[in-house]
Amino acid sequence: MKQSHLYVPTLKEAPKDAEVKSHKLMLRAGLIKQTAAGIYTYLPLGLKVLKNIEAIIREELDALGCSELLMPALQPKDLWDESGRWDDYGPELMRLKDRKDREFCLGPTHEEVITAVVRDVLTSYKKLPLALYQIQTKYRDEMRPRFGLMRGREFIMKDLYTFSKDVDDMNHWYETVKEAYSRIFERCGLSTKIVASNTGEIGGIEAHEFMVMSEVGEDTILYSPSSTYGINAEATTLQAGDMAPDASGPLKSGKGIEVGNIFKIGTKYSDTMGAAYQDQEGHMHPIQMASYGIGISRTLMAVVEEHATEDGLRWPASLTPFDYHVLPLTDDATATDAFYQRLAKSYKVLLDDRRERAGVKFKDAGLIGIPRRVILGKTFKDGFVELEVNGEKETLTVAEFWQSVNA
RNA sequence: CGGGAAGUAGCUUAGCUUGGUAGAGCACCUCGUUCGGGACGAGGAGGUCGCAGGUUCAAAUCCUGUCUUCCCGACCA
């Protein structure tokens, strides 16, 4: 990909609206642009990373036997009346009317829709279990959007719903997805703590959240430094210094970014919306549901927050928008283009073909943070390139370079 | 929603106290010199000073209202 075609509007100075590191950097590196409070445009570079996160999620969930579908963002009030949440949800629900005055909302979550989608079909024990997920834009009319992608009014989320014949099977899915979530975040370069939480607006029996510990996090976490025990402070009367319930030592307190959550819902929606199946004896039972979310746009922000320096992004190999950033500093377009074409056969390559001075290219490359940088400079005509990986620079002959990249 | 702050060119901002019709840096266009870590010089383009009303001979500046954005808090799958 030629940089002149990609639209990467980098900024020397961050807009004054941004305060936290990740927000400033995402604006400066040309990943996002604010469109309204808590509403962002994902620019090409940011979108590429989002797609990489999504690909990891799809791989892990598909491996569990989950299937992807896509539900509408625009949802009729009728469904929310069935569950009772039209009245329960409060002003966070984005409500609107069509030209005939029929009421709708922009979905903050999709329990109602998914239940309506499956209830006519999942009427026999033979069709259970089932696990369906989507990646979709969600809407919440937040009182106070915050910190760029951290808390938006429109954000991208993966939501998964499982349908089970009994509590044991639901519990099995719950544990299986919990493990998959840990793998997903690990592959994204994030270390997460799993903490017990409130079941909140969705309702249900038990819930856990996946937290990335960070000083810009909005949740307060109590955790045991010597075990895996952790709990969201809003779900407990425990305090920092108290003995952990697993007796592993005194609890510590820290801030966390909630990047994922999992809920055992039980039968709240199957009861109110009539999702039931017949067992072998012909008896009716409500379907046991669970739901599982990953804030994809928030995960992007958490990755930036955790990995970036004050001066630039730093992408984990699994998420990087490009494998190589090629910076030609000479006028020999023919030779550099040939080099680029060859490398691009095997890798995702960003070629800085802009007619900019070397300093500008270096600064922008540092901002964008592609892990491997190839500099085609003064000595390129003599058969040398410079390879910079994680700030470590070495000079190679072109032949050595091709050998090293196996291309 | 309570408290605080701020809206002047794409970004950062000066000017506002003491009213006289807008200035800089970066970015952009032209020319020249530069040419490996955000170059320099000269010239140029770009602004309903968030919006509306009021005071005044005159408003970016004073007054009122309103919208927007950010921060703290409360709230929150």
Side-chain angles (χ1 to χ4, degrees), chain A residues 7 9-20 23-24 27-30 33-40 83 85 88-94 107-112 136 138-148 150-153 155-161 197-204 207-210 216 218-220 232 234-235 258-265 268-269 290-296 298 311-312 327-331 352 354-368 373-380 384-386 388 391 393 395:
Chain A
Y7 193 60
T10 55
L11 299 170
K12 280 190 186 177
E13 293 172 286
K16 63 184 168 191
D17 287 346
E19 291 224 341
V20 306
H23 188 196
K24 284 183 185 170
L27 292 167
R28 286 191 58 210
K33 180 173 172 65
Q34 180 169 7
T35 298
I39 299 175
Y40 290 83
S83 70
R85 286 208 293 182
D88 293 346
Y89 208 94
E92 276 201 358
L93 190 63
M94 285 271 195
T109 176
H110 281 71
E111 279 79 13
E112 282 80 1
Q136 218 231 22
K138 306 288 193 196
Y139 298 86
R140 275 180 213 171
D141 196 356
E142 292 286 349
M143 254 176 224
R144 188 183 159 204
R146 223 195 278 243
F147 298 161
M150 176 82 83
R151 173 165 298 268
R153 294 192 293 169
F155 54 98
I156 300 171
M157 184 165 157
K158 184 284 304 170
D159 45 323
L160 163 70
Y161 305 88
S197 76
N198 283 330
T199 50
E201 195 67 51
I202 282 183
H208 289 86
E209 295 168 336
F210 287 74
V216 302
E218 294 185 289
D219 293 274
T220 302
N232 192 317
E234 70 183 12
E258 180 192 348
V259 288
N261 58 28
I262 55 180
F263 287 85
K264 291 181 187 175
I265 293 174
K268 174 175 174 177
Y269 299 93
S291 77
Y292 314 80
I294 291 178
I296 293 176
R298 185 184 279 179
D311 299 319
L327 309 189
L329 305 182
T330 69
D331 292 332
D352 192 347
R354 299 173 304 161
R355 296 164 69 157
E356 293 286 356
R357 298 165 58 84
V360 173
K361 292 188 179 185
F362 280 120
K363 285 290 185 185
D364 275 351
L367 247 190
I368 292 167
R373 197 168 304 157
V374 182
I375 299 149
L376 309 182
K378 284 177 197 155
T379 57
F380 181 52
F384 294 94
V385 300
E386 287 163 66
E388 195 173 334
K393 190 146 66 173
T395 301

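Protein chains get the first letters and strands the later ones, always in sequence-line order, with residue 1 at the start of each.
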Any N or O donor-acceptor pair under 3.5 Å from the base of B:C76 to the side chain of A:Arg151?
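Counting by modelled atom types and ignoring angles, a donor-acceptor contact under 3.5 Å is found here.
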
Discussion item. Distance criterion of 3.5 Å, no angle test: do you see the side chain of A:Lys393 paired donor-to-acceptor with the base of B:G37?
Written reply: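 A donor-acceptor contact between them is present.
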
Would you kindly compare A:Pro145 and A:Gly295 by the position of their nearest RNA chain B nucleotide and give the one closer to the 5′ end?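 Whichever sits nearer the 5' end wins; that is A:Pro145.
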
**Request:** Return the 5'-most residue of the pair A:Glu92, A:Gln34 with respect to RNA chain B, ranking by each residue's nearest nucleotide.
**Result:**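 Comparing both residues, the 5'-ward one is A:Gln34.
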
Picking from [options], which would you name as closest to the side chain of [X]?
| X | options | answer |
| --- | --- | --- |
| A:Glu356 | B:A77, B:G37, B:C28 | B:C28 |
| A:Arg144 | B:U69, B:G36, B:A74 | B:A74 |
| A:Met143 | B:C1, B:U69, B:A77 | B:C1 |
| A:Met157 | B:A77, B:U69, B:C26 | B:A77 |
| A:Ala36 | B:U69, B:C35, B:G36 | B:U69 |
| A:Phe362 | B:C76, B:G36, B:U34 | B:G36 |

Minimum heavy-atom separation for A:Thr109 and A:Arg85, please, with both atom names.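 A:Thr109 and A:Arg85 have their closest heavy atoms at CG2-NH2, 3.4 Å.
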
Whole-Å distance between [N] [atom2] and [X] [atom1]?
| X | N | atom1 | atom2 | value |
| --- | --- | --- | --- | --- |
| A:Leu27 | B:U69 | CG | P | 15 Å |
| A:Lys12 | B:G37 | NZ | C1' | 12 Å |
| A:Asn232 | B:C76 | CG | C1' | 11 Å |
| A:Asp141 | B:A77 | CG | C1' | 15 Å |
| A:Lys361 | B:G37 | NZ | P | 13 Å |
| A:Glu388 | B:G37 | CD | P | 13 Å |
| A:Asn198 | B:A77 | CG | P | 8 Å |
| A:Arg357 | B:A27 | CZ | C1' | 15 Å |

(message) Can you confirm whether the side chains of A:Asp159 and A:Tyr161 place a donor and an acceptor under 3.5 Å from each other?
(response)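 Looking only at side-chain atoms, A:Tyr161 and A:Asp159 do form a donor-acceptor pair, the distance falling under 3.5 Å.
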
Roughly how far apart, to the nearest Å, are [N] and [M] at atom [atom1]?
| N | M | atom1 | value |
| --- | --- | --- | --- |
| B:U61 | B:A74 | P | 37 Å |
| B:G3 | B:G47 | C1' | 34 Å |
| B:C28 | B:G23 | P | 23 Å |
| B:G41 | B:G4 | P | 45 Å |
| B:A22 | B:G15 | C1' | 8 Å |
| B:C11 | B:U69 | C1' | 16 Å |
| B:C49 | B:A60 | C1' | 5 Å |
| B:G10 | B:C1 | P | 30 Å |

Enumerate all atom pairs, one protein N or O and one N or O from nucleotides 3-11 of chain B, separated by less than 3.5 Å.
unit_1: B:C11; atom_1: O2'; unit_2: A:Glu13; atom_2: O; d: 3.3

Mind checking if [X] touches a base, just sugar-phosphate, or nothing, with heavy atoms under 4.0 Å?
| X | result |
| --- | --- |
| A:Phe147 | sugar-phosphate |
| A:Arg28 | base |
| A:Asn261 | base |
| A:Ile39 | nothing |
| A:Asp364 | base |
| A:Glu386 | base |

**Message:** Between A:His110 and A:Lys138, is there a side-chain heavy-atom distance shorter than 4.5 Å?
**Reply:**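 They are in side-chain contact.
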
Taking the side chain as everything from C-beta on, heavy atoms only, tell me whether A:Pro108 gets closer than 4.5 Å to A:Leu93.
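Side-chain contact under 4.5 Å: yes.
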
- Intermediate values then yes/no, side chain to side chain contact (heavy atoms under 4.5 Å, CB included), A:Val216 and A:His23: CA-CA 11 Å; A:Val216 302; A:His23 188 196; over 6 Å; no

Check for a donor-acceptor pair, side chain of [X] on one end and backbone N or O of [Y] on the other, with a separation under 3.5 Å.
| X | Y | answer |
| --- | --- | --- |
| A:Lys158 | A:Ile296 | no |
| A:Lys268 | A:Ser83 | no |
| A:Arg28 | A:Leu11 | yes |

Side chain to side chain contact (heavy atoms under 4.5 Å, CB included) evaluation trace for A:Met157 with A:Arg298 | CA-CA 9 Å; A:Met157 184 165 157; A:Arg298 185 184 279 179; over 6 Å; no

Apply side chain to side chain contact (heavy atoms under 4.5 Å, CB included) to the pair A:Asn198 and A:Asn232, showing each step before the final yes or no. CA-CA 8 Å; A:Asn198 283 330; A:Asn232 192 317; over 6 Å; no

Given Watson-Crick and G-U pairs under 3.5 Å, RNA chain B in dot-bracket ([ ] crossing, | other strand) is (((((((..((((......[..)))).((((((.....)))))).....(((((..]....))))))))))))....

message: Check the phosphate of B:G37 against A:Arg373, side-chain N and O only, distance under 4.0 Å to OP1 or OP2. Yes or no?
response: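 For A:Arg373, the contact criterion (side-chain N or O under 4.0 Å from OP1 or OP2 of B:G37) is not met.
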
- Just do the side chain to side chain contact (heavy atoms under 4.5 Å, CB included) check on A:Glu111 and A:Ser291 with the steps written out, would you? CA-CA 8 Å; A:Glu111 279 79 13; A:Ser291 77; 3.3 Å; yes

* **Any residue meeting side-chain contact (heavy atoms from CB on, under 4.5 Å) with A:Glu19, in chain and number order, not counting sequence neighbours** =>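 A:Glu19 satisfies side-chain contact (heavy atoms from CB on, under 4.5 Å) with no residue once adjacent residues are dropped.
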
